[in-house]
Engineer: 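One structure, as structure tokens, below. Some questions next.
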Amino acid sequence: MDDHADIKTLNREDLATALSEMGQPSYRLRQLVRWLYGRGAVSFGEMTDLSAEFRDRLAARFTLDTPSLVDRQVSADGTRKYLWRFADGVAVESVGIPAAGRLTVCFSTQAGCAMGCSFCATGVGGLVRDLMIGEMIDQVRLVSEDFGERVTNVVAMGQGEPFADYDATLEALRLMNSPDGLGIGARHITVSTCGLLSGIRRFAEEPEQFTLAISLHSAVQETRDHLMPGVRGFTLPALREALRFYTETSGRRVTLEYALVDGVNDSDRELDALIGFTRGLMCHVNLIPVNPVPGTGITRPTDRRIREFADRLGVSGIETSVRTARGVDIDAACGQLSQRHAE
Ligand code: SAH
Ligand code: SF4
């Protein structure tokens, strides 16, 4: 492990190794995790239940960075969008969505994204870099501090593909879940993936009850290939197989996200293919009226067509919801998060 690495890039196993190399007892790990993630310490100096000598040694070995707030926008509906900058200048966005008795944070797992989905503002700019464990957790904690409220739900639906950065994302989710970290219930932690099969299979076997959502967007191969070029190599039958493995192994259902794009995936043929895909799969369909992304020519179907699509799924016995847009006046809806402010 690098000397002078940021301490929040380490997973708990590596941190435990570092502490034992420094001659510390094993309970130090929990103390440190509480300081770093539970309380969000910005310096080693404030970790007052550690000896001054040990704090100095930590400071000599590691750095401890906290993202800085570059921009914050508040929507008429209370949704807040944040732009954070890390020590190396890379920036990402997160969104805080308040609702009665709930605060949901949508956080980023990568700066940019390599998948290039044609309807996604993040995909347009390509991948900048993966985020580190602490960079994901800090987004959630800082939003919580800004609202002055506990976060009840988190969704990895900001910038980036969580399963392209699997290990860091999983460790971040675990620390969000841990009582020493953010103490958020596992069932209230959701990962959305474009469908990387090995990630789905690994996720199925994780012991926590985290929730999985898949960006399906079309159950017609050529339409999906066109909308989501980054996952062109994975066929729909192989994706369905991985999803069945997930539901059977975990005993949990999967959410299928379907961004409705006018004239692309809202035809009757697409609807029939979607109904066919869900048959025998323990799932829920979440229809998302697509947020138009400037320069792409992509628009959403009429409200009437969206309703019709939802009703026909319902009649076929498929549990369906239509996502209500939050924060639209500040471009804080899913898929609106881009690198553009960062440049
Ligand atoms: N990379 C992951 C998670 C981040 S994207 C994934 O693709 O699942 C989070 C969600 O926003 C995905 O379902 C994604 O397809 C959706 N999304 C992206 N652009 C969108 C847009 N313009 N309108 C509506 N949803 C969009
Ligand atoms: Fe990446 Fe998800 Fe956007 Fe596709 S929709 S480009 S996978 S962030």
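Residues take their numbers from the sequence shown, with the count starting at 1. Whatever order the structure lists ligands and atoms in, that order sets their numbers, starting from 1. Note that the structure is a prediction, hence the values are computed from the model and not measured.
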Engineer: For ligand 1, which atoms have a heavy atom of Gly160 less than 4.0 angstrom away?
Structural biologist: 1 (N), 2 (C), 3 (C), 4 (C)
Engineer: Would you mind checking which non-hydrogen protein atom is closest to atom 4 (Fe) of ligand 2, with the distance to 0.1 Å?
Structural biologist: Cys117 SG, 2.3 Å
Engineer: If we only consider heavy atoms of Ala213, is any one of them less than 4.0 Å away from an atom in ligand 1?
Structural biologist: no
Engineer: Gly123 heavy atoms, cut-off 4.0 Å: which ligand 2 atoms fall inside?
Structural biologist: 6 (S)
Engineer: Do me a favour and list the nearest non-hydrogen protein atom to atom 1 (Fe) of ligand 2 with residue, atom name and distance?
Structural biologist: Cys113 SG, 2.3 Å
Engineer: Going by an N to O cut-off under 4.0 Å, is there a salt bridge joining Glu319 and Arg253?
Structural biologist: yes
Engineer: Would you say Cys194 contacts ligand 1, with heavy atoms under 4.0 Å as the rule?
Structural biologist: yes
Engineer: Ignoring hydrogens, what is the shortest heavy-atom contact between Gly199 and Tyr166? Give both atom names and the distance.
Structural biologist: O-CE1, 3.6 Å
Engineer: Which part of Met157 is near ligand 1, with near meaning a heavy atom under 4.0 Å away: side chain, backbone, both or neither?
Structural biologist: both
Engineer: Ligand 1 and Arg323, any nitrogen or oxygen pair closer than 3.5 angstrom?
Structural biologist: no
Engineer: With a 4.0 Å cut-off on heavy atoms, does Gly160 reach ligand 2?
Structural biologist: yes
Engineer: Going by heavy atoms, is Gly158 under 4.0 Å from ligand 1?
Structural biologist: yes
Engineer: Output yes when Lys8 and Glu135 qualify as a salt bridge under the 4.0 Å nitrogen-oxygen rule, no when they do not.
Structural biologist: no
Engineer: Is there a chain of hydrophobic side chains (I, L, V, M, F, W, Y, each step under 4.5 Å between heavy atoms) that links Val191 to Met132?
Structural biologist: no
Engineer: Between Thr193 and ligand 1, find which residue part has any heavy-atom pair under 4.0 Å and reply side chain, backbone, both or neither.
Structural biologist: backbone
Engineer: From atom 6 (C) of ligand 1, work out which of Ala259, Pro289, Ser215 has a heavy atom at the shortest distance.
Structural biologist: Ser215
Engineer: Can you tell me if Asp49 has over 12 outside heavy atoms packed within less than 6.0 Å of its CG?
Structural biologist: yes
Engineer: What class does the angle between the rings of Phe163 and Phe203 fall in, given that below 30° is parallel, 30 to 60° is tilted and above 60° is perpendicular?
Structural biologist: tilted
Engineer: So does Arg269 pair up with Glu222, basic N to acidic O under 4.0 Å?
Structural biologist: yes
Engineer: Counting neighbours of CD on Glu145 that are heavy atoms of other residues, nucleotides or ligands and sit closer than 6.0 Å, is the number greater than 12?
Structural biologist: yes
Engineer: Does Arg307 come within less than 4.0 Å of Asp266, counting only side-chain N to carboxylate O?
Structural biologist: no
Engineer: Please classify the Ile288 to ligand 1 contact at 4.0 Å (heavy-atom distances, strictly less than): side chain, backbone, both or neither.
Structural biologist: side chain
Engineer: Just heavy atoms, cut-off under 4.0 Å: does His217 contact ligand 1 by side chain, backbone, both, or neither?
Structural biologist: side chain
Engineer: To which protein heavy atom is atom 3 (Fe) of ligand 2 closest, and what is the distance rounded to 0.1 Å?
Structural biologist: Cys120 SG, 2.3 Å
